[in-house]
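Data block below; observations after.
Keep in mind the model is a prediction, meaning the values are calculated, not measured. For ligands, and for the atoms within them, numbers begin at 1 and follow the listed sequence. In this chain, residues are counted from 1 in sequence order. Side-chain atoms are counted along with the backbone in the values below, which use heavy atoms only and exclude waters and symmetry mates.
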Amino acid sequence: MIKFVDPDRYRSMKATGKLPSPKGVAFSIIKLLQRDDFRVSDLVRLVQSDPAIAGRLLKFANAAAFGRTRPIVSLQRAIVALGAFRVRDLVIGLSVMHSHTSGQCAEFDYAGFWGRSLATAIACQELAHYAQISSEELFTIGLLARVGELAMASLYPGEYAIVLLKARERNGQLADLERESFNMDYHQLGATMLAEWGLPDMLIQAAYHHEQPDLAGFRDGSRVLTLTHSLNFARSLSEVCMANEEARWSLLPGLLTRAARLGISGDALNDVVDRMVRRWREWGAMLQVRTQEIPPFAEILAASPPSLRVSSSSPEQNGKLASPRLQVQLVGIPQTELPNLTEQIESLGHQPTPVDHSPEGLKQALRQPAQIVIADMAMPGLKPAAFCRLLRQTSAGKESYALLLASPGSERLILEAIDAGADDVLVKPLSIQTLRVRLNTATRMLLLREEIQRERRGIMRSTDEFAVTHKRLLQEALTDPLTQLPNRRHGLDFLASEWAFAQSNSLPMACLLLDIDHFKRINDTHGHAAGDAVLRQLADLLKRTSRVEDLVFRYGGEEFAAVLPNASIRAAVQIAERIRSVVEKYSFLWENQTIPVTLSIGVAHLNGGEKRQSGVDRDRRRRALPGQEERSQPRRRS
Ligand SMILES: Nc1nc2c(ncn2[C@@H]2O[C@H](COP(=O)(O)OP(=O)(O)OP(=O)(O)O)[C@@H](O)[C@H]2O)c(=O)[nH]1
């Protein structure tokens, strides 16, 4: 249940003029679409008056997959393809974004807010087919899901800055702190604004609950729950996109779990994220929104945790090593110092391997670095910072512990090397005690990294398992166990979304309801198991005779239905006749006996956007009427 802001309070907030709102063309479009008699030509005229918006709508229309092979070049076609209400929602999103790129609240990161919101919007679009909702609607709701935060910052810039600081200091829930200070939170304010702008209820519900989808009380398997989970995942992905490397690392487990809930993992997840990031960067450049470059997702997952720096005050472990003998590579150590260092390292129980500083030796060290690499900062031919950077470029080098040996007075070089990825620096001359402490620290760090890696592999494994189980459960929830066809719930959901799509895009579509004639007699004559076999064989036959774009499902009992997107009434009747005749001629077998089966088929049709009730219901009423002589005929209804 959404708790909207009290209407009187909302009215007085609006009266301040500070509440974010769609301006100019967007405002006029809202007003136009509130009228029952609006005309598409008026909408086209309005959009044309703002060339920036017109250009973006064309890009959206061309990006959307409407099965067209040629690009849409006219604004009128773009608006028809998108549908008037989606145009309205998109324009609202873009307008609010453009008129609120900065503001008065000192602690509110306006650029970061829109960067994150745009990333959420694009990620939502990538998930459109999971949520079975048009990608433009998802774009808008992704962009505006947190508009309540922006509104708080606009209404109460001073007080909200304090709330934001508190939330950061205490690492607390922003919404709780908002309620303490303003007696409302950004979810409530955002939902109230979206409702005022006329966005569809399902999108508002998803925005309101997207932080905690499981507490919303939505029915399992419902579209609104999938949509809310999609938004939840998209938001989490947007955080990953905007985070620095260190913060990104800690966000990954949450992101993987959310992806698993949607049944996305492995290569599919890598593809979704990489495509999303590419489009986010493209759209960010076009809309002047802040984005940042991030590595391919597979690389992010494969990388080790960000380097943990060693402090020189690490406690000594009584001279005892925390792990068995480690490989220590000695790179570029002067010949005069090498024997002594080698001996010290051996006496501490590790295995030193000297590498000379010739180009070949360095290449070898970089190609196959040991667990601990000790390099002399004065090695000829390569600056210490460059060595560290090269070392960190390879996956084995990322795992190594890099320890540099410095001469006194080389502070600048030390700082550069630390910045370039060195883990620790030791200043010469070295005592055996210092070396022992530092090698013990290195050992502990290596063990810690290994443990983190193990934990991460565990998380990845369980997320993968979770994704597989989730997919299987979802599959089961949507499949009829006897025939393995989509079940009634799946079929009716598909029908509803195709119906809405056809209506808003003025496309034809049809639905067939197929009923086995006198099925009760088959059960009574041959037994229930024979009836089951007929249902299974018929399901296989229907699957084989339907087109790829159609969906055949078991409506219930001995009734099946077929949703035929983009089918004219003529095509639908032809398909129905073909199915009827194939079934009539087919030999249904049960224990070496042939059971004759015939079908009666009802045809419901939507002609170019004409509004009707569910075709299935209408057919059911109609089907109850004809007498027996009318059986086994397609019945036409448009
Ligand atoms: N074997 C089997 N029978 C089923 C199944 N589901 C429903 N039925 C049977 O299907 C029969 C449907 O009976 P009716 O609704 O009278 O349909 P009908 O005999 O085809 O009559 P008309 O629809 O008027 O042609 C009932 O006997 C149900 O028990 C099933 O999964 N397996």
Check: Phe519 N/O within less than 3.5 Å of ligand 1 N/O: yes

Winner among Ile516, Asn523, Asp517, Leu482 once heavy atoms are compared against atom 29 (O) of ligand 1: Asn523

Proximity to ligand 1 by part of Leu535, non-hydrogen separation under 4.0 Å: side chain

Heavy atom of Arg554, distance to ligand 1 below 4.0 Å: yes

Modelled atom types, side-chain donor and acceptor of Ser600 and Asp515, under 3.5 Å: no

His518 N/O under 3.5 Å from ligand 1 N/O: yes

Gly531: numbered ligand 1 atoms lying under 4.0 Å from its heavy atoms: 1 (N)

Side-chain H-bond candidate by donor/acceptor type, Arg279 with Gln125, under 3.5 Å: yes

Distance filter under 4.0 Å to Asp515 heavy atoms, resulting ligand 1 atoms: 23 (O)

Test: Arg278 and Glu282 ion pair at under 4.0 Å: no

Salt bridge present between Asp524 and Arg521 (N-O < 4.0 angstrom): no

Arg258 to Phe233 six-membered ring, cation-pi geometry met (6.0 Å, 45°): no

Pairs touching residues 567-593 that satisfy ring-ring contact (aromatic ring centres under 6.0 Å, His included), sequence neighbours left out: Tyr586-Phe588

Residue selection (non-hydrogen contact nearest atom 7 (C) of ligand 1) among Pro481, Gly527, Ala530, Gly557: Gly557

